[in-house]
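Residue numbers start from 1 in every chain, and the chains themselves are labelled A, B, ... in the order their sequence lines are given, proteins ahead of strands.
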There are 2 protein chains.
Amino acid sequence: MSNIKDFSSKLRNSGLRPTKQRIKICEILFNKEKTFHFSINELAQIISKETVDKISLATIYNTVQAFLKKGYLKEISINSDKSYYDTNTTNHHHFYDEDKKELIDIDYEEVEPVIVKKVPPSKKIKSIEVLIKVQNR
Amino acid sequence: MSNIKDFSSKLRNSGLRPTKQRIKICEILFNKEKTFHFSINELAQIISKETVDKISLATIYNTVQAFLKKGYLKEISINSDKSYYDTNTTNHHHFYDEDKKELIDIDYEEVEPVIVKKVPPSKKIKSIEVLIKVQNR
DNA sequence: TATAGAGATTATAACTATTCTAAACTAGAA
DNA sequence: TTCTAGTTTAGAATAGTTATAATCTCTATA
Ligand SMILES: [Mn+2]
Ligand SMILES: [Mn+2]
Ligand SMILES: [Zn+2]
Ligand SMILES: [Zn+2]
C-alpha cells in the first residue's frame, strides 16, 4: 500500500513534479488491490467522485500521457472509438467482452506464448498483443 | 479477375443494390492482385484518383460499414486514432510497423496457433487477433 | 525565507474521425 | 412507365483528443 510520500518520490524520480493532481491520480490508479482498465472518461468520473477539487480534463489527458511514456500505464488497442489504458503493465493478453464492452486480463499462463518465426527485415519486436473477442454463447 | 457483372451479382446476392458507387468501390477493393489494408481516408484518396465522378465521404463510410457487416472486409484494431480495414478476410495476424505506420500480414503458418485454455463463463470466442508491434532495430 | 522561472494546470478553442439528418436521387419490381 | 424502398449526398452534429496561451505552483538558489 503506497502513500502520498511514496508517490511523491516516484514522480520526482521520474522527472515529474509531484503536484496534488498527479498524486491524486496516482492514488486512484496505483493504490488499488487489483489492476484495472479504464478510458479517460471513466477515470475522470472516478476522480470527480473521489475528490472535491476538480482536476481538468486536460490535466487528466496530460497525466495519463506522461504515465504512459514513463511505463506506468499501458495503452490497449480494442476495435475502438477511444483509448483504453491498463494499470497492469506486465505482459498479458485480453479478452474483450463485446456484450459488456469490457476488457478482461488473461493470465500469461492461460495462453501459450505466441511463437513468431520471422519478423520483417531489420525490425525488432516491441510488443505482442493478443486480443480475443468473446460474446454470449 | 472479377468484372462489373460479378460485383453486381455479388452485391445483389447480399441484399445490396449494385449502385455505381458500390461497384466502383468493389473494383478498388476486390479487383487487386493482393489484399491490402486501408483507412477510410486512404480509400477516399484512391477513389478520387481512379474516378471522375466523386463519391461522397458519407457513401464511403456507409459502404465500408455495409461490406464489413457482410464479411467482405475486416476491421483491424491498431492503436486507435482511426479505423483500419483489411480486404484479407481470412484468419491471419499482423505486424504493425511503428516507423512506417504500416500493417503487414502474417501468414497463418508463421505464428503458432494461439491456444486458449479457458474463456469467461458462458462466452464464446468470436475472434483471436495477434498484433505484433515492430520498430527499427 | 523570499524570489524567479521552469514546469504544470486550466478553460477553451481547434482538430479529426465518424455518425446523423433530411433532402434529392435511382434501381428495379410491377 | 410508375412507384417506392433503398441509396447517395452535403452538411451539421458529435465525440475523443490535442493545442493554445494565460495563470498558477513547485522548488532550486540567493
Ligand atoms: Mn469501430
Ligand atoms: Mn493513441
Ligand atoms: Zn490488462
Ligand atoms: Zn491483414
Discussion item. Mind checking if A:Lys54 touches a base, just sugar-phosphate, or nothing, with heavy atoms under 4.0 Å?
Written reply: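 Sugar-phosphate, no base atom in range.
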Discussion item. Any base atoms under 4.0 Å from A:Ser83, or only sugar-phosphate, or nothing? Heavy atoms, all strands.
Written reply: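 Here A:Ser83 touches the backbone only, sparing every base.
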Worksheet entry | Full working for side chain to side chain contact (heavy atoms under 4.5 Å, CB included) between B:Lys20 and B:Asp53 | CA-CA 10 Å; B:Lys20 70 178 198 303; B:Asp53 321 321; 3.8 Å; yes
Take the protein atom [atom1] of [X] and the nucleotide atom [atom2] of [N], then report the distance between them rounded to whole Å.
X	N	atom1	atom2	result
A:Lys82	D:dT18	NZ	P	15 Å
B:Leu43	C:dA17	CG	C1'	15 Å
B:Arg12	D:dA5	CZ	C1'	16 Å
B:Leu16	D:dA5	CG	C1'	14 Å
B:Lys20	D:dT7	NZ	C1'	11 Å

The side chain of [X] is closest to which nucleotide in this list: [options]?
X	options	result
A:Ser56	D:dG16, D:dT8, C:dT10	C:dT10
B:Arg17	D:dT7, C:dA6, D:dT9	D:dT7
B:Arg22	C:dG28, C:dA8, D:dT7	D:dT7

Practice prompt. Output the residues of residues 57-66 of chain B in contact with DNA chain D, where contact means a heavy atom of the residue under 4.0 Å from an atom of the strand; sort by number or write none.
Written response: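 B:Ala58, B:Thr59, B:Asn62, in order of number.
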Worksheet item: Is there a donor in the side chain of A:Thr90 and an acceptor in the side chain of A:Asn88, or the other way round, less than 3.5 Å apart?
Response: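 Yes.
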Fill in: B:His37-B:Asp105 side chain donor-acceptor pair, cut-off 3.5 Å
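Result is yes, a qualifying pair exists.
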Practice prompt. Give me the bend of the helix from C:dT1-D:dA30 to C:dA30-D:dT1, using the axes of the five pairs at each end, rounded to 10°.
Written response: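 If I round to tens, the end axes sit 20° apart.
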Worksheet item: A:His92 vs A:His94 aromatic rings, parallel, tilted or perpendicular, using cut-offs 30° and 60°?
Response: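 Geometry flag for A:His94 against A:His92: perpendicular rings.
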Worksheet item: What class does the angle between the rings of B:Phe30 and B:Phe67 fall in, given that below 30° is parallel, 30 to 60° is tilted and above 60° is perpendicular?
Response: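 Tilted: the ring planes of B:Phe30 and B:Phe67 meet at 30° to 60°.
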Item to complete: Take B:Asp81 and B:Gln21, find for each the nucleotide of DNA chain D with the closest heavy atom, and name the residue whose nucleotide sits nearer the 5' end.
Response: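 Final value for this comparison: B:Gln21.
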Discussion item. On the nucleotide C:dT26, are OP1 or OP2 found under 4.0 Å from the side-chain N or O atoms that B:Thr19 carries?
Written reply: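 So the side-chain polar atoms of B:Thr19 never come under 4.0 Å of the phosphate oxygens OP1 or OP2 of C:dT26.
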